[in-house]
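For reference, the structure is listed below as structure tokens.
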Amino acid sequence: QVRLVESGGGSVQAGESLRLSCAVPEYIGSYSCMAWFLQAPGKEREGVAAVAKDGRDPSYADSVKGRFTISQDNAKNTLYLQMSSAKPEDSAMYYCAARVGTRRCTLRQSDYNYWGQGTQVTVSS
């Protein structure tokens, strides 16, 4: 399996913004799904946002809806997660993920088979 590479994590104050990036191998073609997941210490990995690689039909977890935006620049082979109005409960390791062969893009971890190593986000009060 190929690996994705996340970057852009760091520490911010509550209410501030942060943008995460994910370098996507060109092996991940147009008929694919891309997603972001988070995992807080001691908790299960959770879906945050997902989108077809062509940018259509983005979906979001209720906890981030209206604050986070998933997008992509396929010319740069990069997936983004724009995190706005950050909250302390957003603190987690963030992972990008991909699945080829479908545009039915879910927030279910088991539906993805390409993963990055994660980038840490810490939001302070």
Side-chain angles (χ1 to χ4, degrees):
Q1 292 179 307
V2 298
R3 300 282 287 183
L4 291 73
V5 181
E6 305 94 340
S7 62
S11 297
V12 296
Q13 294 290 116
E16 295 182 345
S17 297
L18 194 67
R19 189 175 76 166
L20 308 182
S21 300
C22 175
V24 182
E26 292 204 27
Y27 313 138
I28 309 301
S30 60
Y31 196 70
S32 305
C33 289
M34 305 295 301
W36 288 95
F37 290 78
L38 66 80
Q39 188 167 20
K43 295 186 177 181
E44 301 291 325
R45 191 170 297 186
E46 302 175 0
V48 175
V51 69
K53 196 164 185 288
D54 63 7
R56 288 185 164 86
D57 300 325
S59 61
Y60 298 91
D62 288 343
S63 61
V64 306
K65 186 167 54 179
R67 298 188 298 117
F68 291 7
T69 303
I70 188 170
S71 62
Q72 58 284 124
D73 186 339
N74 290 330
K76 298 181 179 179
N77 299 118
T78 303
L79 178 75
Y80 300 101
L81 184 68
Q82 178 66 45
M83 305 169 60
S84 300
S85 302
K87 300 177 179 180
E89 53 263 42
D90 298 328
S91 297
M93 186 75 75
Y94 283 74
Y95 300 86
C96 61
R99 180 185 177 91
V100 299
T102 183
R103 291 191 179 98
R104 297 170 60 183
C105 305
T106 73
L107 297 176
R108 182 179 178 184
Q109 180 180 352
S110 62
D111 284 344
Y112 293 84
N113 56 356
Y114 296 97
W115 292 89
Q117 294 183 340
T119 186
Q120 181 68 46
V121 172
T122 302
V123 183
S124 301
S125 299

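For Gln13, the CD atom counts as densely surrounded, since its 6.0 Å shell holds more than 12 non-hydrogen atoms of other residues, nucleotides or ligands.
Applying the ring pair (Phe, Tyr, Trp, His ring centres under 6.0 Å) rule to pairs touching residues 32-67 yields Phe37-Tyr112, Phe37-Trp115, sequence neighbours excluded. Identified under the ring pair (Phe, Tyr, Trp, His ring centres under 6.0 Å) test for residues 79-106, with sequence neighbours left out: none.
The distance from the CG atom of Leu38 to the CG atom of Leu81 is 9.5 Å, given to the nearest 0.5 Å. Here Ser124 contributes atom OG and Glu16 contributes atom CD; the two are 9.0 Å apart, rounded to the nearest 0.5 Å. Separating the OG1 atom in Thr122 from the CE atom in Met93 is a distance of 9.0 Å, to the nearest 0.5 Å. Once rounded to the nearest 0.5 Å, the distance linking CG of Leu79 with OG of Ser71 reads 7.0 Å.
Checked against side chain to side chain contact (heavy atoms under 4.5 Å, CB included), Glu26 has the following partners two or more places apart in sequence or in another chain: Asn77. Checked against salt bridge (charged side-chain N to carboxylate O under 4.0 Å, His left out), Lys65 has the following partners two or more places apart in sequence or in another chain: Asp62.
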* Asked: Is there a side chain to side chain contact (heavy atoms under 4.5 Å, CB included) between Lys53 and Ser30 once you walk through the steps?
  -> CA-CA 6 Å; Lys53 196 164 185 288; Ser30 60; 5.6 Å; no
* **Step-by-step side chain to side chain contact (heavy atoms under 4.5 Å, CB included) determination, Gln72 to Val24** => CA-CA 10 Å; Gln72 58 284 124; Val24 182; over 6 Å; no
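Here the closest heavy-atom approach between residue Ser21 and residue Thr78 is recorded as CB-CG2, 4.1 Å. Ile70 and Met34 make their closest contact through CD1-O, 4.0 Å (heavy atoms, listed as atom of the first residue, atom of the second, distance). Contact detail for Val121 and Gly9: the closest heavy-atom pair is CG2-CA, 4.2 Å. Gly29 and Ser32 get closest at one heavy-atom pair: O-OG, 2.6 Å.
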Identify all side-chain donor-acceptor contacts of residues 82-92 below 3.5 Å with residues at least two apart in sequence or on another chain.
{"unit_1": "Asp90", "atom_1": "OD1", "unit_2": "Arg67", "atom_2": "NH2", "d": "3.0"}
{"unit_1": "Asp90", "atom_1": "OD2", "unit_2": "Arg67", "atom_2": "NH1", "d": "2.8"}
{"unit_1": "Asp90", "atom_1": "OD2", "unit_2": "Lys87", "atom_2": "N", "d": "2.8"}
{"unit_1": "Ser91", "atom_1": "OG", "unit_2": "Pro88", "atom_2": "O", "d": "2.9"}
{"unit_1": "Ser91", "atom_1": "OG", "unit_2": "Val123", "atom_2": "N", "d": "2.8"}
{"unit_1": "Ser91", "atom_1": "OG", "unit_2": "Val123", "atom_2": "O", "d": "3.4"}

Pair up each side-chain donor or acceptor in residues 96-107 with any protein partner under 3.5 Å, not counting sequence neighbours, and list the distances.
{"unit_1": "Arg99", "atom_1": "NE", "unit_2": "Asp111", "atom_2": "O", "d": "3.4"}
{"unit_1": "Arg99", "atom_1": "NH1", "unit_2": "Asp111", "atom_2": "O", "d": "3.0"}
{"unit_1": "Thr102", "atom_1": "OG1", "unit_2": "Arg104", "atom_2": "N", "d": "3.0"}
{"unit_1": "Thr106", "atom_1": "OG1", "unit_2": "Arg108", "atom_2": "N", "d": "3.2"}
{"unit_1": "Thr106", "atom_1": "OG1", "unit_2": "Asp111", "atom_2": "OD2", "d": "2.7"}

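Under a 3.5 Å cut-off, the side chain of Glu6 and the backbone N or O of Gln117 do form a donor-acceptor pair.
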